[in-house]
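Some notes on the structure that comes next.
Hydrogens, waters and symmetry mates play no part in the numbers below; they use all other heavy atoms, side chains included. All chains are named by letter (A, B, ...) in the order of the sequence lines, taking the proteins before the strands, and each is independently numbered beginning at 1.
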Amino acid sequence: MKDDYIIVEVAVPIPVFETYIYRLKKSKTENLPDKELIGRRVLVPLKKTKTVGIITDVKEISDIDKFDFEIKDIEEIPDRYPIYSKEYIELLKELSEFYLSPIGLTLYYGMPDSLRWKYIKSKNRWEKIGFNNYIIYTTVNITDSYKLPKRQKELLEYVISVGETSYEDLTEIGFSPITIKSLINKGLLKKENLYFLEETEQFRLKQNIKPFGKEFLKKGIFLYSSERIEKRLENYVNLIANSIYEGKSSLIIFPNVATLKKAYKFLKPIFEDKLYIYFDGLKSKEKIKTWFNLKNLSGLVCIGTFSSIFIPIKNLSLLVIEEEHSNSYKLMRVPRFDIRNFGYKLYKNKKNLTFILASSTPSVETVYLKEKGLAKSFKENRDLLKSIKSKIIIESFNYSEIDEKLKYLLKDKDNILLLANRKGYSSILYCEVCQTEITCERCDIPLKVHINPKRLECPLCNTKYEFINNCIHCGNRLSQFGFGVEKLERELKKIFPDKRIRVETTIIDKELLFDKYETVVNIFPDIFLRKADFKADEKFFRAVVYPYIKSTKNYILITNKREHIGIKSLINKSIELFYKNELDRRKILNYPPFKQFILLSFEGKELKKSHVEKLFKDWLEKFNIKDIDYEGVFFAYYPYLREKFRYQIILKDFKEKFLLKELFNMATKRAIKLIIDVSPKEIK
DNA sequence: AGCACGCCGACT
DNA sequence: GTCGGCGTGCTC
């Protein structure tokens, strides 16, 4: 009897760090066109319900005696092919271990959302969101010339009218499987499996794109910071063409959809049907098609956002992460890992991968990779700032004079981008009688005033409140203080009704990456230095330097931090000056990348600092942890968020990371939510 | 996560 | 006496 089963390890989408063991009946694998089990989706029972999981390993049948729990059977294998490759399963396992991100959740959120089936217990059925096993379409456009039964005629007319549909859609609206089948047999309907497209046509590059020699398709990690994003994209065309010419595939990742779409417009006419796009907002059918084509075929190019890193692309030879410093490459939710690190793992694992980390203002970590000799410069080592000719004007900041100053500075300018990292209309609403600010009920921080529509909004949890004129305690009229971009925009439009002025809070992570303006005004980036974050100087530097790259004639910087190294490197037109200084500083202070940080955030409704201290002490004692570098429990930068108190601990270079899983379990038992952030991007 | 169990307070 | 709120435990 034993021989009729295969024992497999399955990662299920629940917040635990382990995988579970299931039995798979051999007969269920007999008709599979691909015998590989690892990377497959499986439908499994889990406690009193069912879930979709991913096979991560195949065990020896003799292991069965080792388990002291009842082993349940896999109910079904829903797909003809695995969705992840063995290689990606291996790497994602390692990465989840490194970031202490539950493997089941990592694989679950990595796959196309339409494959994340949910079992609805009350309805006793699976919810297959937008799922289609194969598409049904037709090549005819009129039904008149065919003699068909009434129902078949209706079906054919329906398919003609919608163009492309699915088996599920058709049965859902009332066509029987027999009707569908007979039209398929007559050749009037065609079905195409999305999972399995044949490797057919020989792709020809458009005339004007010629393979470029092989000098840039070498194995290696490269830092590409010597040119602007427009210019970089032009260079990728040659690399992609090279890769396709060799029958291999490329992946270019962008930090946001707006930038991605601009890149698509540029690349589509060049690479036509060899170009695929992948991002969360894509239609589920398209996502599945892109996923499986990239997994099964070769000689393609994909551009996408964060989620595209999960596609197990066949013969990947070029990986580019654009604007690699962006915060969007590490999510604040599961899977809590940094895709740059995944790129690094892919690079280590593949024989020939060109891995490019590109940014006009790269992250300190990536510059450090270059310092250590792990990454090389892509193209010549030239400072981008030296090629920018726009004039730098530095002015001091004073809140009461800002309107007058802008009026004076902008009087002879046009085509202006104005940046101020202040959301909303004004910063606070204040009662001068009670001397209190109007604050968010859930976060206890001042609400910002917004207009269009007029409302109050919490800058942290985004809860919206009705605008009030009078104080809720004494009825006195409330006053507004501070300014935001909405107020700046309104007032500048009043002063200069004919000028082209765009007002934004930030450039980074907006579609502005490709845009240029004659004059860029940057108001008070000093705000980035207010937070005692280890990355504060880097953020300030980027906030000062990045807008300069977008200006063609004038760059007006309004700041009171003239002595900061970030501004010095701008004036000296040398980004290297900043990185050298910053690396020295971080080394002295034992900050990343010299020490690895693990940020522990504890959250709870009635949580007190002493509870966290007790929990941490108990953990240290229980596991006899002596060798640990941390500076105690402190209040988080936002100590009260969404009705929860928040405390943090920073561990430096903590080696026994697996023990944090136990801390996580202990915290859960005490109703404390613990968020473990390995190599945090920011501390907030 | 998502479900069940079990202990309390509020209700017919 | 029992309905349901949510704290706690567990998933191969």
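Electrostatic pairing of Lys539(A) and Glu682(A) counts as a salt bridge here, judged by a charged N lying under 4.0 Å from a carboxylate O.
Between Tyr278(A) and Trp291(A), the ring planes lie tilted relative to each other; the angle falls in the 30° to 60° range.
When the side-chain nitrogen and oxygen atoms of Lys118(A) are compared with OP1 and OP2 of dA1(B), none of them lie within a distance under 4.0 Å.
Here the closest heavy-atom approach between residue Val42(A) and residue Ile54(A) is recorded as CG2-N, 4.4 Å.
With Phe98(A) as the aromatic partner, Lys657(A) meets the cation-pi criteria of under 6.0 angstrom to the ring centre and within 45 degrees of the ring axis.
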Which donor-acceptor pairs under 3.5 Å do the side chains of residues 619-639 of chain A make with protein atoms, sequence neighbours left out?
| unit_1 | atom_1 | unit_2 | atom_2 | d |
| --- | --- | --- | --- | --- |
| Trp619(A) | NE1 | Leu659(A) | O | 3.0 |
| Asn624(A) | OD1 | Lys626(A) | NZ | 2.9 |

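The separation between Ile120(A) atom CD1 and dA1(B) atom C1' is 13 Å, rounded to whole Å.
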Could you list the protein-to-nucleotides 6-12 of chain C atom pairs, N/O on both sides, closer than 3.5 Å?
| unit_1 | atom_1 | unit_2 | atom_2 | d |
| --- | --- | --- | --- | --- |
| dG9(C) | N2 | Lys47(A) | NZ | 2.7 |
| dC10(C) | O2 | Lys47(A) | NZ | 2.8 |
| dT11(C) | O3' | Lys47(A) | N | 3.2 |
| dC12(C) | OP1 | Tyr22(A) | OH | 3.2 |
| dC12(C) | OP1 | Pro45(A) | O | 3.4 |
| dC12(C) | OP2 | Lys47(A) | N | 3.0 |
| dC12(C) | OP2 | Lys72(A) | NZ | 2.4 |
| dC12(C) | O3' | Ile21(A) | O | 2.5 |
| dC12(C) | O3' | Lys72(A) | N | 2.9 |
| dC12(C) | O2 | Ile21(A) | N | 2.8 |

